[in-house]
Amino acid sequence: PAKYGVLIQGYGWAGLTDAAIDVLDQMVRAGREPNEKHYGCLLNALLKEKQFQAGQTILNKMKRAGLLLDVVTYTTLIDGSCKAGQIQIACNFLDEMLQSGIKPNLVTYTALFNGLCKANEVDKAMRVLRELTDLDLDTVAFNTLMSGLCDNSHVNAAYDFFVEMTNKGHKADARTYAILVGGLCKVKRFEDAEKFAEEALAKGFVFEVAICATLLESLCLEARGSEACTLMSRLLSHDNIPD
RNA sequence: CCCAGAGUGGACA
C-alpha cells in the first residue's frame with residue numbers, strides 16, 4: 001500500500017519532481033486514489049525544488065479530490081512558504097489551519113520559528129514562544145531558536161536561552177553546541193566558545209570536530225596560535241581528529 | 001494491528 005508513496009518520496013528526494021508527479025497521475029489512472037500522504041509527500045518535494053506553481057496545482061488537485069489538509073500538509077506548506085521568504089503566506093496558512101480546527105504541533109511551530117529567524121525576526125519568534133506556554137520544546141526547536149538568536153547578533157540572549165533551557169532539563173545535542181560555539185566565535189568570544197567546546201567534548205559529542213576545527217581556525221586567524229595548539233592537544237586526547 | 005508525507009547548525013573566509 002505504500003508502494004506508490006515510496007516512489008513519490010524517492011523521486012522527490014532525487015529532485016525528479018516530474019517523475020514524482022507522474023507517479024501520482026499513474027495512481028489516478030490505475031484507479032488508486034492518492035491519499036493525503038501521497039499529496040503531502042509530493043508537495044514537499046515540489047516546494048523543496050521551489051516549484052511553487054506546480055505545488056499550487058497539486059494543492060488544488062488535492063482539494064478537488066475532496067481531501068482535507070492535515071497538520072503535516074499544513075506544516076509542509078508553512079515550511080515551504082517560509083523557505084521561499086514568504087512569511088506572510090506562511091502566516092495565512094497558519095490562520096487557515098487554525099480556522100479549520102487543526103491544531104499546529106511542535107513541528108509546525110518550529111518551521112515557523114525557523115522562517116522568522118531566517119527573516120531576521122527572532123524577536124517575533126521568541127515572542128510567539130513565550131505566548132505558547134504549554135509548548136514543550138524538543139531539541140530541534142531548541143536548536144532552531146538558538147541558531148536564530150546567534151544569527152541575529154543576539155548571542156547574549158542565545159547564551160541565556162541555552163542556560164534557561166538546559167536548566168529546564170532540555171538536552172543540548174551536538175548541533176546545539178555547534179550553533180552556540182559558532183555564534184560565540186562570530187563575536188570573537190573565544191574563551192566562552194572554548195568553554196562550550198570543552199563541555200561538548202566532555203559530553204562525548206565526538207562529532208564536535210567540526211566546530212572545534214572552526215574554532216581552531218578562528219584562533220589562528222586571530223593570531224593566537226598558542227591557544228589553538230593547546231586546544232588542539234586537548235582535542236587529540238579526546239580521540240578526535242580535527243581537519 | 002503496525003509499517004509511506006512535515007521542522008534545526010557550522011562564524012571569518
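Residue numbers begin at 1 in each chain, while the letters A, B, ... track the order of the sequences. Not measured: the values here are computed from a predicted model.
Using a 4.0 Å heavy-atom criterion, one finds that A:Thr144 contacts the sugar-phosphate atoms exclusively. Residue contacts for A:Leu184: at a heavy-atom cut-off of 4.0 Å it reaches no nucleic acid atom on any strand shown.
Phosphate proximity of B:C3 to A:Lys3: absent, as no side-chain N or O sits under 4.0 Å from OP1 or OP2. In terms of phosphate contacts, A:Lys37 brings no side-chain nitrogen or oxygen within less than 4.0 Å of OP1 or OP2 of B:C3. OP1 or OP2 of B:U8 sits under 4.0 Å from a side-chain N or O of A:Lys83.
In this structure, A:Leu112 atom CG and B:A6 atom P are separated by 18 Å, rounded to whole Å. In this structure, NZ of A:Lys118 is placed 12 Å from C1' of B:G10, rounded to the nearest angstrom. Rounded to whole Å, atom C1' of B:G9 lies 13 Å from atom CZ of A:Phe205. The distance from atom CG of A:Asp138 to atom C1' of B:A6 is 13 Å, rounded to the nearest whole Å. If you take CE of A:Met146 and P of B:G9, they are 13 Å apart, rounded to a whole angstrom. The distance from atom CD of A:Glu36 to atom P of B:A6 is 14 Å, rounded to the nearest whole Å. Between A:Phe190 atom CZ and B:G10 atom C1' the separation is 15 Å, expressed in whole Å. B:U8 atom C1' lies 12 Å from atom NZ of A:Lys48, rounded to whole Å.
With hydrogens and angles disregarded, no donor-acceptor distance shorter than 3.5 Å links the side chain of A:His38 to the backbone of A:Ile8.
In this structure, CD in A:Glu194 is found 9.5 Å from SG in A:Cys185, a value given to the nearest 0.5 Å.
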task = Begin from the C-alpha positions of A:Asn44 and A:Thr76 and carry the test side-chain hydrogen bond (donor to acceptor under 3.5 Å, both in side chains) through to its verdict.
result = CA-CA 6 Å; A:Asn44 188 239; A:Thr76 301; 4.5 Å; no

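Applying the 3.5 Å distance criterion, the base of B:G9 shares no donor-acceptor pair with the side chain of A:Thr176. Side-chain to base pairing of A:Asn35 with B:G5: no donor and acceptor N or O lie closer than 3.5 Å to each other.
A:Tyr177 and A:Phe205 have tilted rings, their planes meeting at an angle from 30° to 60° on a 0 to 90° scale.
Contacts between residues 6-17 of chain A and RNA chain B, defined by a heavy-atom separation below 4.0 Å, involve A:Gln9, listed by number.
With a 6.0 Å radius and a threshold of 12 heavy atoms from other residues, nucleotides or ligands, A:Tyr11 has its OH atom at or below the threshold.
Distances were taken from every side-chain heavy atom of A:Val72 (C-beta onward) to each of B:G5, B:A11, B:G7; the shortest belongs to B:G5.
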